[in-house]
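Everything below concerns the one structure shown next.
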Amino acid sequence: MSRGRILSGIQPTGNLHLGNYLGAIRNWVALQQDYECLFCIVDLHAITVWQEPKELLRSTREVAAGMIAAGIDPAANALFVQSHVPAHAQLAWVFNCIARLGWLNRMTQFKDKAGKDKEKASAGLYVYPNLMAADILVYKATHVPVGEDQKQHLELTRDIAQKFNNDYGMNFFPLPEPVIRGPGTRVMSLRDGTKKMSKSDPSDFSRLNMTDTADAIAQKIRKATTDPNPLPDAVAGLEGRPEAENLLSIYAALTDGTLEQAVAETAGWTFSQFKARLTEVAVAVLGPIDAEMARLMADPAEIDRVLARGAAKARSIAEPILAEIYATVGFLPPH
Ligand code: AMP
Ligand code: TRP
């Protein structure tokens, strides 16, 4: 039945938005039919940059609620918090000793997140990719659904797996493959069609949050940046119109269609006509998720129980694999 084992991760930082839903969570929901899945809320990764403790705690539960509300089945998969499975951090240390400085120095996410003054970045931010490799390989996962932005980290994961296999002369780790699928892999800001929709954008009008009310969704779409022309009758007509392209791509993703279909359906419409239609479909998709999230968040103890079960399942897979790795490295088994 199972074609392989999937692991993916999401950081519990800030609000979940449409980019997270269309670019990540929705794909995970689809993949759970065909794979054994582990979905990890990566709190250890989150603190590589400063997190307000209360916010981190709230976000951790909110991400869990968002994933369940969007259709992740926590009974069929392992949905868990990274810090609940110590084997991730334990294997990350081994990988700190496998990965080469030269490899880490090439990582573009570090360069982006560290900003101008790299001396002030945390050491954790630098070794972030080694922990991500550990997240994946501690389960010997074969497939990793990620956005384009994470492909480089996945290549590093494969390099680490390969070097471990070579150094210890065994074929221990599989080389995990990225799974990148469907439209909506890159959702752009509602204010600026050339910028990625992001939790860290200071303007809340730049994104649709999974917890936005129908009114908020309508208002944000109404205020979304556009150009003065009607919608084109062919995809080629979107050239140089990033906002139109983004809104149509969002519409295509939300209606499970292609960009070509969305353009054909809306050819010649004014933006105000199109925005009314986009609002309808956004509310139809996000509304029920938001309602379910609110219901789940009203009972945090139940979320914690679900996450505890997920962690127990994850530990039962990770611990024997970690024990084999420790023995391979030559660590004396504890008695
Ligand atoms: P992040 O919010 O950066 O922690 O990302 C969590 C997941 O959502 C990752 O798999 C990202 O690739 C995905 N993601 C975040 N922002 C977007 C976006 N604007 N468009 C598509 N996918 C996104
Ligand atoms: N680095 C990923 C991101 O920022 C999150 C992540 C951590 C992850 N560990 C992972 C993704 C393992 C896939 C697999 O989106």
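We count ligands from 1, going down the list as the structure has it; atoms in each ligand are counted the same way.
Against a heavy-atom cut-off of under 4.0 Å, Val146 is close to the following atoms of ligand 2: 13 (C). Counting atoms of ligand 1 from 1 in the listed order, those under 4.0 Å from a heavy atom of Met197 are 16 (N), 18 (C), 19 (N). Using a 4.0 Å cut-off to heavy atoms of Val42, the atoms of ligand 2 that qualify are 7 (C), 9 (N). For ligand 1, the atoms lying closer than 4.0 Å to a non-hydrogen atom of Gly147 are 12 (O). The Gly23 neighbourhood of ligand 1 comprises atoms 21 (C), 22 (N), with distances under 4.0 Å to a heavy atom of that residue. Under a 4.0 Å criterion applied to the non-hydrogen atoms of Val144, ligand 2 contributes the atoms 13 (C), 14 (C).
With salt bridges taken as basic N to acidic carboxylate O contacts below 4.0 Å, none links Lys151 and Glu155. Using a cut-off of 4.0 Å between Lys/Arg side-chain N and Asp/Glu carboxylate O, Asp149 and Lys196 are scored as salt-bridged. Lys220 and Asp204 are joined by a salt bridge, as a carboxylate oxygen and a charged side-chain nitrogen come within less than 4.0 angstrom of each other.
In Asp233, the CG atom is not crowded: 12 or fewer heavy atoms of neighbouring residues, nucleotides or ligands sit closer than 6.0 Å. The environment of NZ in Lys223 is sparse: at most 12 heavy-atom neighbours from other residues, nucleotides or ligands sit within 6.0 Å. By the neighbour-count criterion of 12 heavy atoms within 6.0 Å, atom CH2 of Trp269 is densely surrounded, having more than that number from other residues, nucleotides or ligands.
Regarding atom 9 (N) of ligand 2, its nearest protein heavy-atom neighbour is Asp135 OD2, 2.7 Å. The shortest contact between atom 5 (C) of ligand 2 and any protein heavy atom is with Gly9 O, 3.7 Å. Protein heavy atom in closest approach to atom 12 (C) of ligand 2: Leu7 CD2, 3.5 Å. Counting only heavy atoms of the protein, atom 4 (O) of ligand 2 lies nearest to Tyr128 OH, 3.1 Å.
Aromatic rings from Tyr168 and Phe172 are positioned such that their centres are separated by 6.0 Å or more.
Formation of a donor-acceptor pair under 3.5 Å by the Gln261 side chain with backbone atoms of Asp256 is not found in this model. Formation of a donor-acceptor pair under 3.5 Å by the Asn165 side chain with backbone atoms of Asn171 is not found in this model.
Counting only heavy atoms from C-beta outward, the side chains of Met210 and Met293 approach each other to under 4.5 Å. Between Val329 and Val94, the closest side-chain pair of non-hydrogen atoms falls below 4.5 Å.
Atom OH of Tyr326 is separated from atom CD of Gln90 by 4.0 Å, given to the nearest 0.5 angstrom.
Of all the listed residues (Asn20, Asp201, Val63), Asn20 holds the heavy atom that lies closest to atom 14 (N) of ligand 1. Around atom 22 (N) of ligand 1, the closest heavy atom drawn from Ser198, Pro145, Ser189, Gly19 belongs to Gly19. Considering only non-hydrogen atoms, atom 7 (C) of ligand 2 lies nearest to His45 out of His88, His45, Gln11.
At least one N/O-N/O distance between Gln150 and ligand 2 falls below 3.5 Å. Close N/O approach between Ala24 and ligand 1 is not found [any backbone or side-chain N/O within under 3.5 Å]. Taking only nitrogen or oxygen atoms, main chain and side chain alike, Val187 reaches within less than 3.5 Å of ligand 1. Considering backbone and side-chain N/O atoms, Ser8 never comes within less than 3.5 Å of an N/O atom of ligand 2. Of the polar atoms of His153, none of the N or O atoms is found under 3.5 Å from an N or O of ligand 2, judged by distance alone. Looking at ligand 1, you'll find an N or O of Lys199 within less than 3.5 Å of one of its N or O atoms.
Heavy-atom distances between His17 and ligand 1 reach below 4.0 Å in at least one pair. Not a single heavy atom of Gln150 sits closer than 4.0 Å to an atom of ligand 1. Using a 4.0 angstrom heavy-atom cutoff, Asp149 counts as in contact with ligand 1.
For Glu119, the side-chain contact (heavy atoms from CB on, under 4.5 Å) test picks out Asp117, with sequence neighbours left out.
Between Phe173 and Phe95, the angle of the ring planes goes over 60°, which puts this pair in the perpendicular group of the 30/60° scheme.
At a heavy-atom distance under 4.0 Å, no atom of Leu131 approaches ligand 2.
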